[in-house]
Trainee: 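Dropping a structure here in structure tokens format, bear with me for questions.
In the text below, chain A, chain B and the rest are named by the order of the sequence lines, each starting its count at 1.
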2 protein chains.
Amino acid sequence: MSSIKDVARHAGVSVATVSRTINSPNKVSEDTRKSVEKAILELNFTPNSTARDLRTSQTRRVIVLVPNISNPFFSNVIKGIQNYANTCGYSVLLGETHNQIKLERDYANMVLRRQADGIIQLSARNPFSEIKLQNEKAPPPWVNACECLGETSSPIVKIDNYQAMKDLTEHILEKGHKRLGVVLGPQESPLTQERLEGILSCLDDSPEQSHSLIQYQGDFSSHSGALISHEVASSPKRPTAIICMNDEMAFGLIHGLKQKNIKIPHDISVAGFDDIELAQYCDPPLTTIQQPSIDLGRTAMKILTQQIERTDQHNTIATFSTQLIPRESIRQIEN
Amino acid sequence: MSSIKDVARHAGVSVATVSRTINSPNKVSEDTRKSVEKAILELNFTPNSTARDLRTSQTRRVIVLVPNISNPFFSNVIKGIQNYANTCGYSVLLGETHNQIKLERDYANMVLRRQADGIIQLSARNPFSEIKLQNEKAPPPWVNACECLGETSSPIVKIDNYQAMKDLTEHILEKGHKRLGVVLGPQESPLTQERLEGILSCLDDSPEQSHSLIQYQGDFSSHSGALISHEVASSPKRPTAIICMNDEMAFGLIHGLKQKNIKIPHDISVAGFDDIELAQYCDPPLTTIQQPSIDLGRTAMKILTQQIERTDQHNTIATFSTQLIPRESIRQIEN
DNA sequence: CTGAAAAATGTAATCGATTACATTACTCAA
DNA sequence: TTGAGTAATGTAATCGATTACATTTTTCAG
């Protein structure tokens, strides 16, 4: 491996000049720039990033706090993050938290100890909130994506959950459904709240007050969806359509209901949220909301780099819109 | 942030002694060790890893080459890798390659340029093969996991594909099926070959030569499974059971067949491979092979660190066994 | 042609650890 | 008590970049 010294010697200049041609070419004359570039090429030189990082006290490392890597929605978000990170020389440290606060805090401490430059948090919690920030002036760079806090102590990247659910609910009402059900995500999640409000807004608006909504408590796992099927089956007045707050729960729910000989969508229609790859191959194909998951990740990473490099100071809020994907799991109700 | 100098001053010793208490405590007397440890605690000191890396010319970064992050099987493997990496201070750089050789080569070059310490390759290709290793003595550390090359130029972590398919095929034959089909992975993949051989071995063994096997060419995507349903439906003599080389293709195939009014498993039984989370919620629940995906990842990372730290020089081959998960997608044939 | 200002380049300190080598302290047999 | 051998500690070079400051070169108005 050749170092900046080798290049300097080879080009007959000082190391400072080499460094400058790399980092601020405008501070160097045309001629020397060319000869240095030639030397770099000939020696196949790449700056040692560790040395640069030491000097500039960066790490070029960011941490992504994700509840569960295997969740297909999150893997797409991660894909977007990786994607952008790779283009600008950052490496990504995946921190799987299973929503455990202790783990989140441990990761947060890594950026305080300068083991990483910043954090992308995919849950609704400020990872630094419980840590006493000594006489540090600036709060560490982090962005909150996907599942976001209300307060804007950090930049936020999210979808319009309210509108998304409104679209979906309207679609279902248009199909003639009157008794709706919803399988919620975890109670404390703002996501759950926003999405629920989206549904409720449509019901309130309805001219006749004839619409009802039964709520079932899920936790975003397919298993919870399967469990809820019992509850649904034994409801005194079953809903004719159930909205699940993600696709996995819809899979579990559909499976559970079918086992009880309830026909989907004939007896009960079901919708999901996320549009994971397999949603189209569900039986029946799942009506759902498509999120721009890769874009969410890419944008989160982009904003984080801006935070880190102090390019942009103010707290952005990026809101993406979603798309309703109507498939066969919601049926038309006659009359 | 406090540095090793601060600790040295605070404990009244030299930086060398501090470094030694951290890295080789046995070279330091009981007393000084204690006082240094006290100082470390009081100053809340963590060694700056960038500085250490520069000095020791490590990066503590490894690259994972993965065809597709969103594939649930791979995300579990990655989970295992991350898991082990976190315990020993490595950060993981995900390189999504979509099987493009150029991308793989770019990543491989990163380790030659000392931007990373090693590679875990989840496809059957030596990432360094096309790169002229200058007068480098030792080949760079890498391990081949999941989908592995035959030759052992590197350590290998895999499952026993042959045996796994043998288990699955035997199960299907025991259920009375005689005409089998298989949806293959990409032709060039050793995985496809090994698994195919596992199936064939059972058919050869059968006392009567009455078993047949129709092969369909897939590519591991659920989409390809859906496409193949046309082919299957128009086969002159349809197989009564079809083995898909992963669960996604099984999802696509089942969906496609159902659309053609073919009943699963009544008309055609279908099996998958991997046992992804949603396999149990498929309709019908998917008979499949469970891979120890997280363990595969953890082990791959463990072996890689050994390669990097030269703890272990010889080329390990770790082979994991799998488990047949019988569900309802394979039915009993009354003969 | 002169010299002040601007541009280009060079020198050397620095980031924070590790570690070879030098020095000092300790142990214990004779 | 002595001194050889060992254990403990310290000094300072080093990894490979960046960059403040110093120095040299160039530019150009007068």
Trainee: What is the first contacted nucleotide of DNA chain C and what is the last, in 5' to 3' order, if contact means an atom lying under 4.0 angstrom from a heavy atom of chain B?
Mentor: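 The protein-touched segment is C/dG16 to C/dT19.
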Trainee: Please list, chain by chain and in numerical order, all residues satisfying salt bridge (charged side-chain N to carboxylate O under 4.0 Å, His left out) with A/R105, sequence neighbours excluded.
Mentor: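 A/R105 satisfies salt bridge (charged side-chain N to carboxylate O under 4.0 Å, His left out) with A/E130 once adjacent residues are dropped.
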Trainee: Residues in side-chain contact (heavy atoms from CB on, under 4.5 Å) with B/T56, at least two apart?
Mentor: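 Only B/R52, B/Q58 meet the side-chain contact (heavy atoms from CB on, under 4.5 Å) criterion with B/T56.
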Trainee: Please confirm whether the backbone N or O of A/S123 pairs with a side-chain atom of A/Q121, one donor and one acceptor, at under 3.5 Å?
Mentor: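 Confirmed, A/Q121 side chain pairs with A/S123 backbone.
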Trainee: Quick check: do B/V92 and A/L94 have side-chain heavy atoms less than 4.5 Å from each other?
Mentor: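 No; the side chains remain at least 4.5 Å from each other.
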Trainee: With side-chain contact (heavy atoms from CB on, under 4.5 Å) as the test, would you mind laying out the steps for B/V13 and B/V36 before giving the verdict?
Mentor: CA-CA 8 Å; B/V13 297; B/V36 169; 4.0 Å; yes
Trainee: Pull out every residue in residues 33-41 of chain A that has a heavy atom closer than 4.0 Å to any atom of DNA chain C, ordered by number, or say none.
Mentor: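 Those residues: none at all.
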Trainee: Can you give me the bend angle of the helix from C/dC1-D/dG30 to C/dA30-D/dT1? Use the axis through the first five pairs and the one through the last five, nearest 10 degrees.
Mentor: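 Here the local axes at opposite ends form an angle of 50°.
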Trainee: What are the residues of residues 8-24 of chain B, sorted by number, that bring a heavy atom to within less than 4.0 Å of DNA chain C?
Mentor: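 Contacts with DNA chain C under 4.0 Å: B/A16, B/S19, B/N23.
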Trainee: Using a distance-only test with no angle check, is there a side-chain donor-acceptor pair under 3.5 angstrom linking B/D160 and B/T319?
Mentor: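 The answer is no; no qualifying pair exists.
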Trainee: Considering residues at least two apart in sequence or located in another chain, which fulfil the side-chain contact (heavy atoms from CB on, under 4.5 Å) criterion with A/C148?
Mentor: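 Once residues adjacent in sequence are excluded, the partners of A/C148 under the side-chain contact (heavy atoms from CB on, under 4.5 Å) criterion are A/N144, A/I156, A/K158.
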Trainee: With sequence neighbours excluded, tell me which residues meet side-chain hydrogen bond (donor to acceptor under 3.5 Å, both in side chains) with A/Q82.
Mentor: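 Here no residue qualifies.
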Trainee: Answer yes if the side chains of A/T21 and A/R33 hold a donor-acceptor pair under 3.5 Å, and no otherwise.
Mentor: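 Distance-only check fails for A/T21 and A/R33.
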Trainee: Using the side-chain contact (heavy atoms from CB on, under 4.5 Å) criterion, which residues pair with B/P190? Sequence neighbours excluded.
Mentor: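 Residues passing side-chain contact (heavy atoms from CB on, under 4.5 Å) with B/P190: B/A124, B/E147, B/E194.
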Trainee: Find which nucleotide of DNA chain D each of A/A51 and B/K27 is nearest to by heavy atoms, and output the residue with the more 5' nucleotide.
Mentor: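 Nearest nucleotide further toward 5': that of B/K27.
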Trainee: Which donor-acceptor pairs under 3.5 Å do the side chains of residues 297-304 of chain B make with protein atoms, sequence neighbours left out?
Mentor:
| from | atom 1 | to | atom 2 | distance (Å) |
| --- | --- | --- | --- | --- |
| B/R298 | NH1 | B/N83 | OD1 | 3.0 |
| B/T299 | OG1 | B/D295 | O | 2.8 |

Trainee: Sequence neighbours excluded, which residues qualify as salt bridge (charged side-chain N to carboxylate O under 4.0 Å, His left out) partners of A/D6?
Mentor: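 Here the qualifying residues are A/R9.
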Trainee: By side-chain contact (heavy atoms from CB on, under 4.5 Å), which residues pair with A/T50, not counting sequence neighbours?
Mentor: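 Only A/N48, B/T50, B/D53, B/L54, B/T59 meet the side-chain contact (heavy atoms from CB on, under 4.5 Å) criterion with A/T50.
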Trainee: Return whichever of A/D31 or B/S2 has its heavy-atom-nearest nucleotide of DNA chain C closer to the 5' end.
Mentor: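 Result: A/D31.
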Trainee: What nucleic acid atoms does A/T50 come within less than 4.0 Å of, heavy atoms only: base, sugar-phosphate, or nothing?
Mentor: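 Nothing: the residue A/T50, judged by heavy atoms under 4.0 Å, touches no strand.
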